Amino acid sequence: MKTVKGTRDLLPEDTYLFQQIEQRAWDHFAKYGFREIRTPIFEETSLFLRGIGDDTDIVTKEMYRFKDKGERDITLRPELTASVCRAVIQHNLVGAEDILRLMYSGPMFRYERPQAGRYRQFYQFGVEVFGSQDPLVDVETIEALMSFIAPFKLPNLELMLNSVGDETDRPAYLKYLRQTLNSKRELLCSDCQNRIDNNVLRVLDCKQSNCQSHLQDLQPISDFWSKENRDHFESVCSGLKRLDIPFKINPRLVRGLDYYTKTAFELVSGDLGAQSAVMGGGRYDRLIETLGGKDMPAFGWALGLDRLASLWSTYADPEPGPDLFLIFGQRQWLDTALPWIASLRRAGVSVAYDIRVRSFKSQMKRANRENASWAGIIGEDEHDQQTVALKNMQSSEQKSCKRSDVAATIKNKEIPC
Ligand code: ATP
Ligand code: MG
């Protein structure tokens, strides 16, 4: 038996990276006032039809959709923004003047063609901010992302920024695009030919280089921006500059859905090949209303953990080994040492040993291989006197230590005289 196509097991070396990323994320975003939300893995299909849009790739091609035993039309979540909005409406989470900040992490499901960096079950960490149109929200939430990413020290990451306008200026741009692209229809791929009729903005981010070559002389959306949307974009840009956050304006960057408004952005990496986007996000001032809630502006983004972990794996420090690896002269000395080992673990020391108690040499080898900070050798004398010969694996310094002093010694990182 093997995993289903497009899914994979995350083995301990993978989950170590995922855990590190998630733990850093929970701690970092909590400082900005984000609190975690967990919504169900599956929802009524209609939520995603309304919340993601009929003409998107996700809805037309990628949904894991099925009937359950009660004949309900169910879909495994392909992303979380729609679910989070449903929860905000269902529990009336935003009061009149409040700003609500939510974060999440978990698996998403899309029936895509599997390839490197593209899975049918993948993981996202994301944030959503509800209740304010202020460009400061865009700036602060992007800054939070960039200061989260910085310590991973990934080279070749670029923040791309654009504005997709809103209902006041976008219709004129869509009309312009439809007219201009209709005249080149036969030159474009069949997906783009469909997009001209259904979701014309998405033609702009077609991945085919042939299509891209025919888009070169199109006017950018910025030529059509309303005064208000131009001001909003300029406030976001100047806010980011004030915070020394480098970004590139990309007039082709779009989010293809009607409820996306104003700011759209992506983090792309030169090291990810074809799947270059590490995260995507933007403002979606119309979504809550589209889903039956009140008129409520919102902003959010989602980070692909699989892609971040794969980028980081080259640079991450190796997983730390146990604090202490115990080496025994005889198997029965391990049995008598067990209560002491339990007390060490209760005191916060991680302890490993070879349960088969093979030769001294092979136990020492394993202490090295497991990257233990200390080796604790229990030979005849140490067993008789209830001590341990404690060896600092880095400095090779070795001293005899009372067993009751071991936890403190390891925590203080030095052997007492
Ligand atoms: P792409 O253009 O790569 O298909 P997308 O626009 O569909 O991305 P979003 O819906 O914005 O992606 O999701 C945000 C992030 O989630 C992406 O930038 C990516 O890192 C990650 N992601 C999306 N789909 C997958 C997938 N099938 N496998 C792994 N990661 C994914
Ligand atoms: Mg996609």
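Ligands are counted one by one from 1 in listed order, and the atoms in each one are counted from 1 as well. From a predicted model like this one, the values you see are computed outputs, not experimental measurements.
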- Query: Would you say Glu112 contacts ligand 1, with heavy atoms under 4.0 Å as the rule?
  - Reply: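 Yes; Glu112 lies near enough to ligand 1 that a heavy-atom distance drops under 4.0 Å.
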Is the contact between [X] and ligand 1 made by the side chain, the backbone, both, or neither, using heavy atoms and a 4.0 Å cut-off?
X      : value
Met279 : backbone
Lys207 : side chain
Glu266 : neither
Val278 : backbone

- Message: Under a 3.5 Å cutoff, is there a donor and acceptor pairing between the side chains of Ser238 and Glu234?
- Response: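 On atom types as modelled, these side chains do not qualify, holding no pair under 3.5 Å.
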- Item | Gln121 versus Tyr123, side-chain donor and acceptor atoms under 3.5 Å |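 Looking only at side-chain atoms, Gln121 and Tyr123 do form a donor-acceptor pair, the distance falling under 3.5 Å.
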- Message: Enumerate the side chain to side chain donor-acceptor pair (under 3.5 Å) contacts for residues 14-24, please, sequence neighbours excluded, ordered by first and then second residue.
- Response: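 Residue pairs with at least one partner in residues 14-24: Glu22-Ser105, Gln23-Asp27.
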- Message: Listing request: all side chain to side chain donor-acceptor pair (under 3.5 Å) pairs with a residue in residues 342-354, at least two apart in sequence or in separate chains.
- Response: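 Listed by first then second residue: Asp323-Ser350, Asp354-Arg358.
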- NZ or CZ of Arg77 within 45° of Phe109 ring axis and under 6.0 Å: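 The answer is no; the distance or angle limit is not met.
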- Query: Within 45 degrees of the axis of the six-membered ring of Tyr119 and under 6.0 Å from its centre: does Arg8 put its NZ or CZ there?
  - Reply: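 That pair qualifies as a cation-pi contact.
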- Task: Below 4.0 angstrom from a heavy atom of Gly117, which ligand 1 atoms are there? Numbered from 1 as shown, please.
- Result: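 Close to Gly117: 28 (N), 29 (C), 30 (N).
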- Message: List ligand 1 atoms under 4.0 Å from Ala302, heavy atoms only on the residue side.
- Response: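 In order of numbering, the contacting atoms are 14 (C), 15 (C).
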- Close N or O approach (Tyr119, ligand 1; < 3.5 Å):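 Right, the criterion is met.
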- Between Ala277 and ligand 1, is there a nitrogen or oxygen pair with a distance under 3.5 Å?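 Yes; at least one N/O pair falls below 3.5 Å.
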- Using heavy-atom distances, let me know which of Arg110, Met108, Glu79, Gln115 sits nearest atom 9 (P) of ligand 1.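 Selected option, by shortest heavy-atom distance: Arg110.
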- Message: Going by side-chain hydrogen bond (donor to acceptor under 3.5 Å, both in side chains), His232 matches just one of Asp138, Asp166, Thr261. Which one?
- Response: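 Exactly one candidate clears the test, Asp138.
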